[in-house]
Amino acid sequence: MTSSELLVDAFGRVRATVHEAVRGFTPEQLAVRLDADANSIAWLVWHLTRIQDDHIAAAADVDQVWTSAGWVERFALPFDPRATGYAHSSADVAAVTVASGDLLVGYYDAVHEQTIRFVERLTDPDLDRIVDESWDPPVTLGVRLVSVINDNDQHAGQAAFVHGIVLRR
């Protein structure tokens, strides 16, 4: 297995968890918060997708799907188009609602496709390229991709957990 194939597999596993967390839920169920300050499935999936979109687009030197493919208009959220959910308040989390789960998975799948097109062409030497010099040590592409996978996996798991709680209520 190549590094590229490993990355494709890891991002595919995140995709499967995202789909399972959203599948069959109403907009109201996607907005459930387990307490007043908890994250909803809608926010978690939107946020993990925004992080992946933001970070992969920067690394690949392409436009974010969020703005280039009209998703920012379809979601019509009350945030700056550059918002990713980082440092969102409880009120910001509550503002992330969707008319259907199809909107969430549609955006996720569009970002996933862009991600896979990028990572499937990578070679091992590509992973050593510095993509962010604001950290010490500077962040390589390989580290950034693992970071995105880790962040996505954690948030997708949280969404799956909330999904299970909502089903049991």
Side-chain angles (χ1 to χ4, degrees), residues 6-60 62-119 143-169:
L6 183 66
L7 292 165
V8 168
D9 182 76
F11 279 110
R13 290 170 191 245
V14 171
R15 182 179 181 270
T17 304
V18 164
H19 276 252
E20 185 61 31
V22 173
R23 184 178 299 128
F25 267 24
T26 66
E28 295 78 22
Q29 289 171 311
L30 294 168
V32 166
R33 298 171 76 188
L34 300 183
D35 68 33
D37 292 321
N39 297 326
S40 67
I41 294 170
W43 185 88
L44 287 161
V45 171
W46 171 81
H47 167 64
L48 74 86
T49 308
R50 289 293 299 123
I51 293 297
Q52 184 175 334
D53 194 5
D54 176 76
H55 288 26
I56 298 299
V62 296
D63 292 333
Q64 290 185 29
V65 173
W66 181 245
T67 50
S68 68
W71 292 99
V72 66
E73 291 85 11
R74 283 178 246 178
F75 274 77
L77 298 173
F79 312 131
D80 182 286
R82 294 169 296 181
T84 62
Y86 180 75
H88 263 184
S89 68
S90 183
D92 292 333
V93 171
V96 178
T97 59
V98 294
S100 78
D102 292 342
L103 185 65
L104 286 170
V105 296
Y107 174 46
Y108 181 83
D109 285 348
V111 170
H112 178 77
E113 288 171 17
Q114 179 161 283
T115 298
I116 297 306
R117 278 193 306 274
F118 175 62
V119 300
V143 168
R144 177 58 46 88
L145 292 171
V146 169
S147 176
V148 170
I149 291 165
N150 178 257
D151 181 77
N152 278 195
D153 199 38
Q154 287 183 49
H155 290 319
Q158 291 165 356
F161 174 79
V162 174
H163 181 102
I165 297 296
V166 170
L167 283 178
R168 287 165 181 78
R169 285 187 167 175

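Model, not experiment: these values are computed from the prediction.
Put simply, the side chain of Arg33 never gets that close to the backbone of Ser40: no donor and acceptor are under 3.5 Å apart. Distance alone, capped at 3.5 Å, is enough to place a donor-acceptor pair between the Ser90 side chain and the Ala36 backbone.
The closest side-chain donor-acceptor pair between Ser147 and Asn150, if any, does not fall under 3.5 angstrom.
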Go through the steps to decide whether Tyr107 and Arg50 satisfy the test side chain to side chain donor-acceptor pair (under 3.5 Å), and finish with yes or no.
-> CA-CA 9 Å; Tyr107 174 46; Arg50 289 293 299 123; 3.2 Å; yes
Assess whether side-chain contact (heavy atoms from CB on, under 4.5 Å) is satisfied between Tyr108 and Val22, documenting all intermediate values.
-> CA-CA 11 Å; Tyr108 181 83; Val22 173; over 6 Å; no
Sequence neighbours excluded and cut-off under 3.5 Å, please list the side-chain donor-acceptor pairs for residues 112-119, or say none.
from, atom 1, to, atom 2, distance (Å)
Gln114, NE2, Asp63, O, 3.3
Thr115, OG1, Gln52, NE2, 2.7
Thr115, OG1, Val111, O, 2.9

List the atom pairs, with distances to 0.1 Å, where a side-chain N or O of residues 159-169 and a protein N or O form a donor-acceptor pair under 3.5 Å, not counting sequence neighbours.
from, atom 1, to, atom 2, distance (Å)
His163, ND1, Ala21, O, 2.7
Arg168, NH1, Gly164, O, 2.7

Cut-off 3.5 Å, no hydrogens considered: what does the side-chain donor-acceptor table look like for residues 41-48, sequence neighbours left out?
from, atom 1, to, atom 2, distance (Å)
Trp43, NE1, His88, ND1, 3.0
His47, ND1, Thr84, O, 2.6
His47, NE2, His155, NE2, 3.3

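For the ring pair (Phe, Tyr, Trp, His ring centres under 6.0 Å) criterion with Trp66, the lone passing option out of Phe75, Trp71, Phe79 is Phe75. Val65 pairs in a side-chain contact (heavy atoms from CB on, under 4.5 Å) with only one of the listed residues (Asp53, Val72, Asp54, Asp109), which is Asp53.
Counting non-hydrogen atoms of other residues, nucleotides and ligands closer than 6.0 Å to CZ of Arg13 gives a total of 12 or fewer.
Under the 4.5 Å side-chain criterion, counting only non-hydrogen atoms from C-beta, Ile56 is in contact with Leu145. Taking 4.5 Å as the limit, some side-chain heavy atom of Val148 sits within range of a side-chain heavy atom of Phe11.
Heavy-atom minimum distance, Pro81 versus Thr67: CB-CG2, 4.2 Å.
In this structure, Ile51 CD1 and Asn152 CG are separated by 8.5 Å, a value rounded to the nearest 0.5 Å. Note: Thr97 OG1 to Glu28 CD = 10.0 Å, rounded to the nearest 0.5 Å.
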